[in-house]
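Worksheet for the structure shown next.
Numbers here are sequence positions counted from 1. Values below: every heavy atom of this structure, side chains too, minus hydrogens, waters and symmetry copies.
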Amino acid sequence: MPDGVFGVSVVSPEEQLLDVPARALVLRSSDGDLTVLDGHTPLITDIVPGEVRVDPEEGEPLRFAVHGGFLQVGPTGIEEGEAGGTLVTVLAGVAEPSDRIDVARAERARDAATARLEELRAGRAGQAGGAPESGEHPVTPEDVEPGQAEDALRRAWVRLAGAGGPARSAGS
């Protein structure tokens, strides 16, 4: 490959979504924003839910909504005395190319999750002081449902960000 270009693969359990020569890969790990260029130090790190952008050797950037996973950066190896280049692999449990994201559906999911969270929070405010103060109490559906609504909201924001939507943290 030419200088400044390296191999990038994006894979999920269902399929290999991408295998192209690229000039850059941009994503966020738990340590912060990360840009990978040719010659990057070998590394394995996590990927927090959000947009992953691949700048291919030619053409427009490719965007993915990645719902978490891992990144591996390493050498391609040495073949017949030639120095190897960089190989980058994104391993994601769920990854969606931006052109496959139904933005209207993601917006509806975001709106529904936001409304449900507001409803649950309003209901909790009216029940303040209802939980026992001493001893343990069993987990109830009322304890679990806000977490599920928050997860749905995060998934919707990740899809919208991956589709080139509003820049907003998946955690907000």
Side-chain angles (χ1 to χ4, degrees), residues 1-76 84-118 121 144 146-172:
M1 281 192 214
D3 282 342
V5 176
F6 57 97
V8 173
S9 292
V10 177
V11 296
S12 73
E14 292 81 24
E15 65 183 312
Q16 180 166 346
L17 297 164
L18 185 70
D19 187 18
V20 298
R23 295 202 175 276
L25 177 129
V26 180
L27 56 79
R28 179 173 288 214
S29 77
S30 60
D31 291 326
D33 292 337
L34 176 67
T35 300
V36 178
L37 303 172
D38 190 31
H40 195 285
T41 301
L43 148 82
I44 294 177
T45 191
D46 65 329
I47 301 171
V48 299
E51 179 188 32
V52 172
R53 188 186 84 219
V54 177
D55 295 342
E57 181 179 18
E58 295 178 11
E60 295 296 313
L62 306 169
R63 291 178 161 73
F64 296 84
V66 175
H67 299 263
F70 295 93
L71 172 76
Q72 179 183 15
V73 179
T76 59
T86 302
L87 178 63
V88 177
T89 305
V90 172
L91 299 168
V94 177
E96 303 168 274
S98 64
D99 61 354
R100 291 190 199 170
I101 296 171
D102 183 337
V103 174
R105 181 175 172 224
E107 288 172 339
R108 287 191 305 272
R110 176 201 57 205
D111 295 346
T114 300
R116 184 63 183 145
L117 273 172
E118 289 171 1
R121 289 177 180 143
V144 174
Q148 292 171 334
E150 289 167 353
D151 289 345
L153 183 57
R154 272 191 289 277
R155 286 191 302 273
W157 278 118
V158 167
R159 285 186 179 105
L160 289 169
R168 177 160 173 173
S169 160
S172 31

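A 4.5 Å side-chain heavy-atom check between His40 and Leu34 finds at least one atom pair inside the cut-off. With contacts defined as side-chain heavy-atom distances shorter than 4.5 Å, the pair Leu18/Leu62 qualifies. Two residues are said to be in side-chain contact when any heavy atoms from C-beta on lie closer than 4.5 Å; Phe70 and Thr45 fail this criterion. Side-chain atoms of Thr89 and Val10, non-hydrogen and from C-beta on, never get closer than 4.5 Å to each other. Residues Glu96 and His67 are in side-chain contact: their nearest non-hydrogen atoms beyond the backbone lie under 4.5 Å apart. Counting heavy atoms from C-beta on, the side chains of Phe6 and Leu87 never come closer than 4.5 Å. Leu91 is not listed as a side-chain neighbour of Ile47, based on a closest heavy-atom distance of 4.5 Å or more.
Of all heavy-atom pairs spanning Pro61 and Pro56, the tightest one is CA-CD, 3.9 Å. Closest approach of Gly93 to Pro13, counting heavy atoms only: O-CD, 3.3 Å. Nearest heavy-atom pair across Val48 and Ser30 is CG1-N, 3.7 Å. Between Thr41 and Val73, the shortest heavy-atom distance links the atoms O-CG1, 3.8 Å.
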From CA spacing to verdict: side chain to side chain contact (heavy atoms under 4.5 Å, CB included), Val36, Leu71: CA-CA 10 Å; Val36 178; Leu71 172 76; 4.2 Å; yes
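Side-chain atoms of Ser12 never come within 3.5 Å of backbone atoms of Ala95 as a donor-acceptor pair (strictly under, hydrogens ignored).
With rounding to the nearest 0.5 Å, the separation of CD in Glu51 from CZ in Arg63 is 5.0 Å.
Every side chain to side chain contact (heavy atoms under 4.5 Å, CB included) that Arg23 has, sequence neighbours left out, goes to Val5, Glu57.
For the side chain to side chain contact (heavy atoms under 4.5 Å, CB included) with Thr35, the lone residue among Val26, Leu25, Leu27 that qualifies is Val26.
No more than 12 heavy atoms of other residues, nucleotides or ligands shown are found within 6.0 angstrom of CD on Glu60.
Sorted by first and then second residue, the salt bridge (charged side-chain N to carboxylate O under 4.0 Å, His left out) pairs involving residues 35-48 (not counting sequence neighbours) form an empty list.
The pair Arg100-Glu14 does not count as a salt bridge, with every side-chain nitrogen at least 4.0 angstrom from each carboxylate oxygen.
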